[in-house]
Number of protein chains: 2
Amino acid sequence: MKKLARKERQVELKNIIEINPFITDEELAKKYDCSVQTIRLDRLLMGIPEVRERMKSVARENYDKVKTTKDYEIVGELLEIDLDNKAISYMEVSKDMVSEKNNICRGHHIFAQANMLALSMVDAEIALTGSARIRYKRPVYFKEKLVATAYVAKKRSNKLLIKVVTKSGAEEVFVGKFIIVTR
Amino acid sequence: MKKLARKERQVELKNIIEINPFITDEELAKKYDCSVQTIRLDRLLMGIPEVRERMKSVARENYDKVKTTKDYEIVGELLEIDLDNKAISYMEVSKDMVSEKNNICRGHHIFAQANMLALSMVDAEIALTGSARIRYKRPVYFKEKLVATAYVAKKRSNKLLIKVVTKSGAEEVFVGKFIIVTR
DNA sequence: CATGTATTAGTACCTAGTAACAATACCAAG
DNA sequence: CTTGGTATTGTTACTAGGTACTAATACATG
């Protein structure tokens, strides 16, 4: 690696630390063929914390995220459930649900909330989505609060037709009919 | 906190460290009203690493997870794309896609792969899922390798009908027709 | 040549430990 | 009561990966 001017090095430093927060000053010094002190000085000037602090933040950030990711198993918060009758779930559109480009929520997240809600209504060992007809009525944006309501429309032997309506405020944003197969 | 026998303390130690990996020996010593050395000895006997190592593992674990979560923005790996014609995406069913109970993949993940693939075929500033009709042909399990193929079936003004077929091996597991609206 | 910027070196100190050893405390059996 | 044995504590030396600070040096530029 060729020697870089301070500014260049600082920019690269910021990037490399961002993609690999676990790198120590010593390793960085080797990479940029300069002294450890230079790296420390750069970090100081740029307000980049030491490796242990960086690791701690990554750990903390994600320690929380793991918890929320496990909630993902549910997708949305079940507000009310009356088996074989009606169920309501709440979900706020988070940053990782939207497209960076336009802040519009990916359709499959809205689908996921509805799908899980439909499945949660079924009291069976195994319940699977067999088929669905869905319609997105308008784009949903970051931070919108979605309330999905499901009810059983038809029920026969091992098949249930569940209708889900998702609203943002008073406005319908999604409707879906799910056929859930039980075993 | 009352004084505990070694065994009890060690069991509690293991639990508390599991739920709070960021706790130091000193804090633990205070909690159990014993010396730091006792805690260290306990950790040594139980093979529990020091706090910095624990943080590092949490950080690493989740740093990887964040990366996969960012790939989630794509959902599946785009293998081939021929805009306005045909596209193929690959996705392996991971642990967090399946229900713990029966190892069956949640339907919305399969939907997500298909949905993103359909959207990726559209060359427009904004492309949104308008509606869809989907059918799940059989349950999909952990570690199955899903290949989704999409092609444009109809195209008129600002609406495209895209058909997606997802296969596991030679077997069709999912088919969906998506109407994508562009702007 | 002086002045400023960038780099390097060196020191003292910090945290949260490891490793190794010595010194207690306490409880039970001979 | 003394001898063991286990559990606990204290002490010292050493470590990584730093912070904070001071001092020296290199190099360019007016």
Can you identify which nucleotide, out of C/dT8, D/dG17, D/dT19, has its nearest atom closest to the A/R40 side chain?
D/dT19

With a sphere of 6.0 Å drawn around CD of B/E26, does it hold more than 12 non-hydrogen atoms of other residues, nucleotides or ligands?
no

Integer-rounded Å distance: D/dT8 P and B/L44 CG
14 Å

Taking B/P21's backbone N and O only, do any of them form a donor-acceptor pair with B/R54's side chain (distance below 3.5 Å, no angle check)?
yes

Give the rounded distance in Å between these two atoms: CD of A/E26 and P of D/dG18.
9 Å

How many Å lie between CG on A/D25 and P on D/dA20, as a whole number?
13 Å

Contact list for DNA chain D against residues 46-55 of chain B - heavy-atom distance below 4.0 Å
none

Would you kindly compare B/D42 and A/Q37 by the position of their nearest DNA chain D nucleotide and give the one closer to the 5′ end?
B/D42

Atom pair distance, as rounded to whole Å: OH in B/Y32 and P in D/dA7:
18 Å

Does A/M97 reach the side chain of A/R106, with side-chain heavy atoms less than 4.5 Å apart?
no

Kindly determine whether A/F111 and A/I134 satisfy side chain to side chain contact (heavy atoms under 4.5 Å, CB included), including the steps that lead there.
CA-CA 8 Å; A/F111 176 85; A/I134 59 177; 3.8 Å; yes

Could you give the CG-to-P distance, from B/L13 to D/dA7, as a whole number of Å?
15 Å

Tell me: CG of B/L45 to C1' of C/dT18, nearest whole Å?
14 Å

Nearest to side-chain heavy atoms of B/L41, which nucleotide of D/dT9, D/dG18, C/dT18:
D/dT9

Taking the side chain from B/Y136 and the backbone from B/G107, do they hold a donor-acceptor pair closer than 3.5 Å?
yes

Whole-Å distance separating the CD1 atom of A/I23 from the P atom of D/dA16:
18 Å

Measure from CD1 on B/I39 to P on D/dG10 and round the result to the nearest Å.
13 Å

Does the side chain of A/T38 get closer than 4.0 angstrom to OP1 or OP2 of C/dT8 through an N or O atom?
yes

Give a yes or no on whether the backbone of B/S131 and the side-chain of A/R135 come within a donor-acceptor separation of less than 3.5 Å.
no

Check whether any side-chain N or O of B/Q113 sits under 3.5 Å from a backbone N or O of B/S89 as a donor-acceptor pair, and report yes or no.
yes

Considering only side-chain heavy atoms of B/R43, which listed nucleotide, C/dG17, D/dG18, C/dA6, is closest?
C/dG17

C/dT7 phosphate, OP1 or OP2: any side-chain N/O from A/S35 under 4.0 angstrom?
no

